[in-house]
Number of protein chains: 2
Amino acid sequence: MLSKKTKYGIKALTFLAKQEGNAPVPIETISKSENISRKFLESILLSLRKNGFLGSKKGKSGGYYLLKSPEDIKMVDVMRILEGPIAMVPCVSLNFYEKCADCPDEAACAVHLLMIKVRDNTLEIFRNTSLADLTH
Amino acid sequence: MLSKKTKYGIKALTFLAKQEGNAPVPIETISKSENISRKFLESILLSLRKNGFLGSKKGKSGGYYLLKSPEDIKMVDVMRILEGPIAMVPCVSLNFYEKCADCPDEAACAVHLLMIKVRDNTLEIFRNTSLADLTH
DNA sequence: TATAATTCCTATCGGTTTACTAGGATTAAA
DNA sequence: TTTAATCCTAGTAAACCGATAGGAATTATA
């Protein structure tokens, strides 16, 4: 399951991508427009800022804005920050690899084999989809 | 994340597919060979039996056995029973559909759009992969 | 027929994660 | 100085997950 965190994060990014100009948009505006709990969204945007997707401006008429153009924001990066691993099991994860405790031989494991296929396909979609692709 | 339930279930099915003949295999044998908690595996096999994947024989020299040949056991069906929805969000699920509370227009939702692509790709893999494919 | 070996079934439980909330500190425009 | 915003740390209720407990029912076999 995709977490609400990721879902809301993508929605917020999309909302920002749709804005004309690059003026800071306050959390409240996004939260109301996208029906997202204000405080929860706050923590998500904070995390997107700390990871280089968003810039922010404090104080009156402040808010959040995209740091890159939507074409350059790839879903694979967004997913890894908000959701974590793309892979369904740690033993096939590229960025979050962990060995299975129970599995003596990965190469012989049916689950491993199957999940590599799924990972490769999903990865290609996330790599080839940008924020711009989602706003059109 | 793939649940341990699904992971163990697939491993158990694979183990049974590799057996010569179709004699019942006791839980204990599978559990030891695949390093799976005995009691947990018990509940998983029970569920696979109730959903028509496995047959069972009670009492001495009893156990579980496949009801179909491995070629005819498609991963898409196993996944739906053990893991639930294939889709990452309920609003793009074919078998477990639910409308998003927050989303007024699915067709205009970026997450919806993206997750349909992921679902279609994953679905195709699970549909085209049988238990036999995983044992080779 | 007694025994051992097995599945069947229901219930429970501790730990982790998720989604969300609280509250105040800090910053900046008007 | 006021107002409107982000920043930051903490907390929390509910759900879910992985595993466990214990005994009833069933069946082969000595």
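Treat the numbers as computed from the prediction; the structure is a model and nothing was measured. First the proteins, then the strands, lettered A, B, ... as listed; each starts at 1.
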[X] [atom1] to [N] [atom2], straight-line distance once rounded to whole Å:
X	N	atom1	atom2	result
A:Leu82	C:dA19	CG	C1'	14 Å
B:Leu46	D:dA19	CG	P	17 Å
A:Phe40	D:dA14	CZ	P	17 Å
A:Leu48	D:dC7	CG	P	12 Å
A:Leu45	D:dT6	CG	P	8 Å
B:Leu2	D:dC17	CG	P	11 Å
A:Tyr65	D:dT6	OH	P	12 Å
B:Glu42	C:dT12	CD	C1'	15 Å

With sugar-phosphate meaning primed atoms plus P, OP1 and OP2, does [X] contact a base, only sugar-phosphate, or nothing at under 4.0 Å between heavy atoms?
X	value
B:Lys7	nothing
A:Glu28	nothing
B:Arg38	base
B:Ile27	sugar-phosphate

B:Val89, B:Val92, B:Asp105 screened by side chain to side chain contact (heavy atoms under 4.5 Å, CB included) with B:His112, the one that passes
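Of the listed options, the one satisfying the test is B:Val92.
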Can you confirm whether more than 12 heavy atoms, excluding those of A:Lys32, are under 6.0 Å from its NZ atom?
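Open: at most 12 neighbouring heavy atoms sit under 6.0 Å from NZ of A:Lys32.
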Let's see if you can work this out: which of [options] has an atom nearest to the side-chain heavy atoms of [X]?
X	options	answer
A:Lys58	C:dT27, C:dA5, C:dC8	C:dT27
B:Tyr64	C:dT7, D:dT20, C:dA29	C:dT7
A:Ser56	D:dA19, D:dC7, C:dT21	D:dC7

Checking B:Thr129 against A:Lys117: is there a side-chain donor and acceptor pair closer than 3.5 Å?
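Yes, a side-chain donor-acceptor pair sits under 3.5 Å.
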What about A:Lys39, does its side chain sit under 3.5 Å from the base of C:dG23 through a donor-acceptor pair?
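Such a pair exists between side chain and base.
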Between the side chains of B:Glu42 and B:Lys39, is the shortest nitrogen-to-carboxylate-oxygen separation below 4.0 Å, so that they form an ion pair?
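Answer for the salt bridge query: yes.
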Is the phosphate of [N], meaning OP1 or OP2, less than 4.0 Å from a side-chain N or O of [X]?
X	N	answer
B:Tyr8	D:dA19	yes
A:Lys50	D:dC8	yes
B:Ser37	D:dT20	yes

Assign each of B:Arg49 and B:Lys60 to its nearest nucleotide of DNA chain C by heavy atoms, then name whichever residue's nucleotide is nearer the 5' end.
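On the 5' side of the pair lies B:Lys60.
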Once side chain to side chain contact (heavy atoms under 4.5 Å, CB included) is applied, do any residues pair with B:Ile81, and if so which ones, sequence neighbours excluded?
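Applying side chain to side chain contact (heavy atoms under 4.5 Å, CB included) to B:Ile81 gives B:Ser47, B:Asn51, B:Phe53.
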